Peer 1: 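Mind looking over this structure? Questions follow.
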Amino acid sequence: MSDTSLERETVEEYARWFQALADPTRILIVRFLSGRPEPVPAGVIVDHLNLNQSTVSHHLKILHNVRFLTRRRAGANILYAVNSRCITQLPCAAEILLGSPARSHPGAGPD
């Protein structure tokens, strides 16, 4: 597969995905949330990672902006979870970038 076989928009989306994962704290957040059966409030993430609230909020915002995380309000809390579409789309993006035959094209990104 040549560099030009990907649409510019797709390449830019992939760059945003991988840039969002280019921080150890964000990887820890995604890993922590991927093991949770239900969405969790930011405070649980803060406690688990032993970081301050503003640091965690900053990283959650970045991960949400690239749609790796979903969020919803529950009373005074905002609950976060891994976007289930990422589980298939991110590995497909990596396969496409590395020239492996992809199982399915990840499209424009996680919804």
Side-chain angles (χ1 to χ4, degrees):
M1 176 178 289
S2 70
D3 306 79
T4 59
S5 64
L6 290 175
E7 296 290 326
R8 181 71 182 176
E9 183 178 312
T10 301
V11 171
E12 289 171 357
E13 184 77 11
Y14 290 173
R16 286 188 294 272
W17 291 357
F18 291 107
Q19 185 176 25
L21 293 175
D23 183 280
T25 299
R26 291 192 288 269
I27 290 173
L28 290 171
I29 289 170
V30 170
R31 181 66 186 143
F32 174 71
L33 290 174
S34 69
R36 309 277 77 76
E38 298 291 329
V40 300
V44 171
I45 301 165
V46 167
D47 292 344
H48 177 75
L49 296 178
N50 197 29
L51 295 171
N52 66 48
Q53 178 74 42
S54 63
T55 299
V56 171
S57 292
H58 168 75
H59 291 297
L60 290 172
K61 180 179 179 181
I62 291 169
L63 291 167
H64 180 260
N65 285 345
V66 296
R67 298 178 305 232
F68 282 165
L69 301 183
T70 61
R71 67 181 180 194
R72 67 176 168 85
R73 183 163 293 281
N77 291 315
I78 297 178
L79 305 179
Y80 291 89
V82 171
N83 182 342
S84 61
R85 292 185 61 138
C86 290
I87 294 168
T88 57
Q89 292 179 347
L90 183 63
C92 286
E95 288 176 353
I96 289 169
L97 293 175
L98 296 173
S100 300
R103 292 180 293 267
S104 65
H105 191 282
D111 294 331

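Note that the numbering runs from 1 along the sequence shown for the chain. Any value given below was found using the heavy atoms of this structure, including those in side chains, with hydrogens, waters and symmetry copies removed. Remember, it's a predicted structure, so these values are computed and weren't measured experimentally.
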Peer 1: Less than 4.5 Å apart, side chain to side chain, heavy atoms only: is that true for L21 and F68?
Peer 2: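 Yes, at least one pair of side-chain atoms sits under 4.5 Å.
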
Peer 1: Count the heavy atoms of every other residue, nucleotide or ligand shown that sit under 6.0 Å from CD of Q53, and state whether that count exceeds 12.
Peer 2: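 Yes, because the 6.0 Å sphere around CD of Q53 holds more than 12 heavy atoms from other groups.
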
Peer 1: Are I29 and Y80 side-chain neighbours, meaning at least one heavy-atom pair lies under 4.5 Å?
Peer 2: no

Peer 1: Return the minimal non-hydrogen interatomic distance between H59 and T25, and the atom names on each side.
Peer 2: CD2-CG2, 3.4 Å

Peer 1: Give the minimum heavy-atom separation between L79 and P39, together with the two atoms involved.
Peer 2: CB-CB, 3.7 Å

Peer 1: How close do L69 and H64 get, counting heavy atoms only, and between which atoms?
Peer 2: O-CD2, 3.3 Å

Peer 1: Sorted by first residue and then second, give each side-chain hydrogen bond (donor to acceptor under 3.5 Å, both in side chains) pair with at least one member in residues 29-49; sequence neighbours left out.
Peer 2: none

Peer 1: What is the distance from atom CG of L60 to atom CG of N65, rounded to the nearest 0.5 Å?
Peer 2: 10.5 Å

Peer 1: Suppose we screen for side chain to side chain donor-acceptor pair (under 3.5 Å). Which residues come up paired with T55, at least two apart in sequence or across chains?
Peer 2: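 Here the qualifying residues are N52.
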
Peer 1: Are F32 and V44 close enough that some pair of their side-chain heavy atoms sits under 4.5 Å apart?
Peer 2: yes

Peer 1: Could you report the tightest heavy-atom contact between A20 and I62, atom names first, then the distance?
Peer 2: CB-CG2, 4.1 Å

Peer 1: Does the side chain of V46 come within less than 4.5 Å of L51's, by heavy atoms?
Peer 2: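 Not in contact.
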
Peer 1: Could I get the full list of side chain to side chain donor-acceptor pair (under 3.5 Å) partners for E12, not counting sequence neighbours?
Peer 2: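 E12: side chain to side chain donor-acceptor pair (under 3.5 Å) contacts with R8.
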
Peer 1: Would you compute the distance between atom CG of L28 and atom CG of L33 and round it to the nearest 0.5 angstrom?
Peer 2: 11.0 Å

Peer 1: Classify the angle between the aromatic ring planes of F18 and Y14 as parallel (below 30°), tilted (30 to 60°) or perpendicular (above 60°).
Peer 2: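 Aromatic pair F18/Y14 classed perpendicular.
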
Peer 1: If every non-hydrogen atom of N83 is compared with every non-hydrogen atom of R67, which pair is closest and at what distance?
Peer 2: ND2-O, 2.9 Å

Peer 1: For residues Q19 and R26, report the shortest heavy-atom separation together with the two atoms involved.
Peer 2: O-NH2, 3.6 Å

